[in-house]
Each structure stands twice: as structure tokens, then as C-alpha cells.
Amino acid sequence: MENTIENLEAKFQAKLDAEIKIEPKDWMPDKYRKTLVRQISQHAHSEIVGMLPEGNWITRAPSLRRKIGLLAKVQDEGGHGLYLYSAAETLGTSRDQMFEDLNSGKAKYSSIFNYPTLTWADIGAVGWLVDGAAIMNQVMLTRASYGPYARAMVRICKEESFHQRQGYEITMALAQGSPEQKEMAQDALNRWWWPSLMMFGPSDAESTHSAQSMAWKIKRKSNDELRQSFVDATVPQAEFLGLTLPDKDLKWNEERGHYDYGAIDWDEFWQVVKGGGPCNKDRLKVRNKAYNEGAWVREAAMAHAEKRAERKKNN
Amino acid sequence: MSKKDWPLWEVFIRSKAGLHHKHAGSLHATDEEMAMENARDVYTRRQEGISIWVVESKNITASVPDDGDMLFDAAKTKPYRHPTFYDIPDEIGHM
């Protein structure tokens with residue numbers, strides 16, 4: 001068979017239909033490649049920027065047990081960023097290019113990290129809700145059609161299972177503590193609940209990339225399906241803690257077999273996506289500072305390696 | 001790859017004695033020593049291995065996907081390389 005674009009596309013689609021993974025050197029449509037580079041690099045950026053709101057509390061964790069847990073979690077996020085950057089690089093982009101896109105504000109990352117972590121209870125809410133929502137999405141992505149992305153997701157999901165439990169335990173300790181502590185946990189839940197629901201992205205009717213990503217088997221479930229699974233999983237967890245999800249429309253729908261929930265404020269979502277969230281500017285400022293101030297270390301390490309290689313050659 | 005990027009390395013981990021080293025992923029490092037240190041930090045944070053190999057990615061020669069048919073199809077027509085191709089009476093038992 002001749003390698004015309006039509007033939008190549010048909011072969012590509014046949015592979016997807018047969019659930020055969022696409023690997024880096026396989027032929028793939030340009031748009032599939034571009035979609036993956038965008039999605040995987042955004043995902044990597046989210047892991048890296050996600051270290052900031054939590055890193056904020058490492059030095060102020062209330063006990064050694066809490067501190068080592070949080071440290072390990074933030075260290076994991078750094079590792080997860082690296083797995084994902086590597087997966088994106090197999091598609092022909094470079095680490096340097098991706099950093100540049102992040103630091104210049106051109107690339108997006110998950111908007112949830114543009115909200116501040118105001119109290120220790122926020123670290124509980126972030127682990128429980130934000131990681132809970134991320135895991136819901138990532139478990140689906142372990143079955144993504146692009147091999148390196150799916151493999152990175154398998155590793156990430158294995159490691160992240162402690163993240164949510166860590167957050168829930170923190171929230172539970174507060175919810176079962178003094179009235180002031182319980183109030184703190186409730187306040188954090190009030191602030192993180194809606195942004196967590198927004199993490200799944202626009203509703204199916206509004207989502208620009210969803211349909212194509214599903215056809216390419218990058219995504220396996222729609223934004224609304226994932227959001228519903230998250231709500232259904234979280235309601236009993238909140239009830240157990242005696243905390244109230246801040247949604248007066250939240251109630252069990254016998255007919256659907258799911259919880260109904262209230263309308264999401266999509267204006268707020270788009271405002272944060274477009275840079276108007278409480279911490280957008282600060283996150284980028286911190287990223288740029290770290291990157292720029294680390295430049296001499298990267299250059300020195302490379303110069304040292306080159307010198308060593310030269311010396312080896314001459315011996 | 002951009003010039004500013006450090007070289008790319010592939011990481012292989014032996015999870016326990018008796019098993020093969022298996023590809024775990026890749027990372028950037030300036031030289032083999034840093035590649036080894038980074039591999040330890042990135043890929044063995046939870047006792048995933050007892051031995052690490054790092055190989056600079058550019059030193060790996062890979063087969064070309066388009067040559068797949070040429071390389072691997074011939075084996076499809078050689079069932080006589082498998083034990084089930086040969087008829088042995090049941091009375092003989094396991095062989």
C-alpha cells in the first residue's frame with residue numbers, strides 16, 4: 001500500500017480502533033501530535049506549578065508527621081512533572097521550549113493552582129479535593145492512546161494514591177478537633193469545592209477539544225462524566241467528616257443514580273484561565289525567579305561535564 | 001532538541017535480583033554521574049529497584065517502525081518453532 005496521507009491516516013485510525021498504542025516513531029497526524037504536546041506539557045506545568053501552593057506550608061506544617069508527608073508529596077509532584085516533560089519530548093518538543101512557554105505565560109497550567117493556600121486546612125483540602133479530582137482524570141489517562149503518556153500516567157497514579165489520603169487525614173484531624181479547627185476545615189472546603197469541580201474543564205457542550213480527543217482515544221470519558229464521578233465519590237467522604245459541601249442544590253437523584261449539583265460559575269473559571277485569578281501573577285513570578293536564578297547552576301554543571309569529558313579524552 | 005537542554009538519558013531499573021533491567025523512563029543530565037543521581041531520585045523513590053543502568057539516548061540504535069513488517073512478519077509463518085506444532089499422544093504426559 002502506498003504511503004499517501006489517506007492511507008497513513010486510515011492505518012493510524014485502524015490502530016486506535018484495535019486499541020494498539022501509538023509510539024513515538026509511529027506515523028501520526030500533525031494535529032494528534034500537536035494536541036498531545038499541548039495537553040502533556042500543560043499537565044507537566046500543572047505538576048510543577050502545583051508545588052508552589054503546597055510548598056508554601058512545608059516549613060509551617062503542624063507536626064513532623066505532617067511535614068514529612070507534605071515534603072514527600074511535593075517531591076512527587078516534581079517527579080511527575082519530569083515524567084510528563086519526558087513524554088512530551090518524545091513528540092519533538094524540547095524541555096527548554098516548554099519552560100520558555102511556561103515562564104512567558106504562553107502555556108497554560110491547571111487554573112486550580114492560581115488559588116491561594118491561606119491556612120493549614122487548605123493543605124488538607126488540596127490533597128483531598130484537588131488531588132482527588134486529578135486522580136479521577138489521571139486514572140482515565142492511563143488508557144490514553146499515546147504510549148509514553150499512558151505509561152507516565154500509570155507511574156503517577158501509583159504514586160499519587162497516598163496524596164489524597166494524606167489530604168483527607170489532615171482534614172479529618174481538623175474536622176474532629178476543636179470547634180475552631182472544624183471551622184477552619186469547613187472554610188477551606190468552602191473555598192476549594194467549586195474550583196475543584198472546575199478542574200474537569202468546561203461542560204461537554206462547551207469543550208472545544210473534547211470530542212476530537214475522545215475520537216483519538218486520548219480521553220476516554222467526557223469532562224462532565226468525570227466531574228459527576230468526582231461529586232458522587234466526594235459527597236459521602238464529606239458526610240463522614242460532618243462537613244458541608246457549599247452547594248444548596250446538591251442532592252441525590254434516585255432516577256439518575258447520581259448526585260445533582262448546582263450551576264458552576266464559568267465566568268470565574270474563564271477569568272482565572274485568562275490570568276485574572278488571585279495568584280496567576282505571583283505563580284509566574286516565582287517560576288521565573290527560580291528559573292533565572294538557577295541559570296548559573298545549569299551552565300556551571302554543563303561546563304563541568306564538558307571539562308571532565310575533555311580530560312577523559314586526553315588521558 | 002534545543003542547545004540549552006542537557007543531554008537526554010534513558011533509565012533502566014532492575015527491580016529485584018533475578019529480573020531483567022527494564023526501561024523506566026528518561027531524564028536530562030550533564031553527564032553519567034548526574035544521570036545516575038537523577039535516576040535514583042526520579043525513578044526509585046519507593047524502593048523500585050536494586051540496580052540502575054543509564055544510557056545516553058543518542059547511543060541507542062532503534063528499529064524503524066516502517067520496517068516492522070520486514071523484520072517481524074517472517075516469524076508468523078514458522079509455527080514449527082513452537083512446541084504445539086508437534087503431535088505427541090496424551091499417554092506420554094507432559095513433555
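All values derive from a computational prediction rather than experimental measurement. So you know, we letter chains A, B, ... as the sequences are listed, proteins then strands, and number each from 1.
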- Shortest non-hydrogen contact between B:W6 and A:R298, atoms and distance: NE1-O, 3.4 Å
- Message: For B:A24, which atoms come within 4.5 Å of any heavy atom of chain A: side chain, backbone, both, or neither?
- Response: both
- Message: Which residues in residues 14-35 of chain A have any heavy atom closer than 4.5 Å to a heavy atom of chain B?
- Response: A:K25, A:D26
- Close side-chain approach of A:H304 to B:T30, heavy-atom, < 4.5 Å: no
- Task: Return the minimal non-hydrogen interatomic distance between B:R45 and A:G79, and the atom names on each side.
- Result: NH1-CA, 4.1 Å
- Item | Lys/Arg-Asp/Glu bridge criterion (N-O < 4.0 Å) met for B:E33, A:K312 | no
- NZ (A:K307) and CG (B:D31) are apart, to the nearest 0.5 Å, by 13.5 Å
- Item | Heavy-atom proximity to chain B below 4.5 Å, by part of A:E159 | both
- Query: Which distance, rounded to the nearest 0.5 Å, do you find between the NZ of A:K158 and the CZ of B:R46?
  - Reply: 11.0 Å
- Task: Look only at the side chain of B:D5 and the backbone of A:D96, and say whether a donor-acceptor pair between them is shorter than 3.5 Å.
- Result: yes
- Task: Using non-hydrogen atoms and a 4.5 Å limit, figure out which bit of A:R151 sits close to chain B: side chain, backbone, both or neither.
- Result: neither
Would you tabulate the side-chain donor-acceptor contacts of residues 47-58 of chain A under 3.5 Å, counting partners in other chains and residues two or more places apart, or write 'none'?
residue : atom : partner : partner atom : Å
A:E54   : OE1  : A:K73   : NZ           : 2.8
A:E54   : OE2  : A:K73   : NZ           : 2.7
A:N56   : OD1  : A:R60   : NH2          : 2.9
A:N56   : ND2  : A:T117  : O            : 3.4
A:N56   : ND2  : A:T117  : OG1          : 3.1
A:W57   : NE1  : A:T117  : O            : 2.9

- Message: Does B:D90, at its CG atom, have more than 12 non-hydrogen atoms belonging to other residues, nucleotides or ligands within less than 6.0 Å?
- Response: no
- Option in B:S26, B:A29, B:A62, B:P65 with maximal non-hydrogen atom pairs under 4.5 Å from chain A: B:P65
- Should the heavy atoms of other residues, nucleotides or ligands under 6.0 Å from CZ of A:R155 be counted, would the total exceed 12? yes
- Item | Heavy-atom neighbours of B:R14 CZ exceed 12 at 6.0 Å | yes
- Item | Check: B:E10 and A:S86 side chains under 4.5 Å, non-hydrogen atoms | no
- For A:Y83 and B:Y43, indicate whether the former's side chain and the latter's backbone hold a donor-acceptor pair under 3.5 Å. no
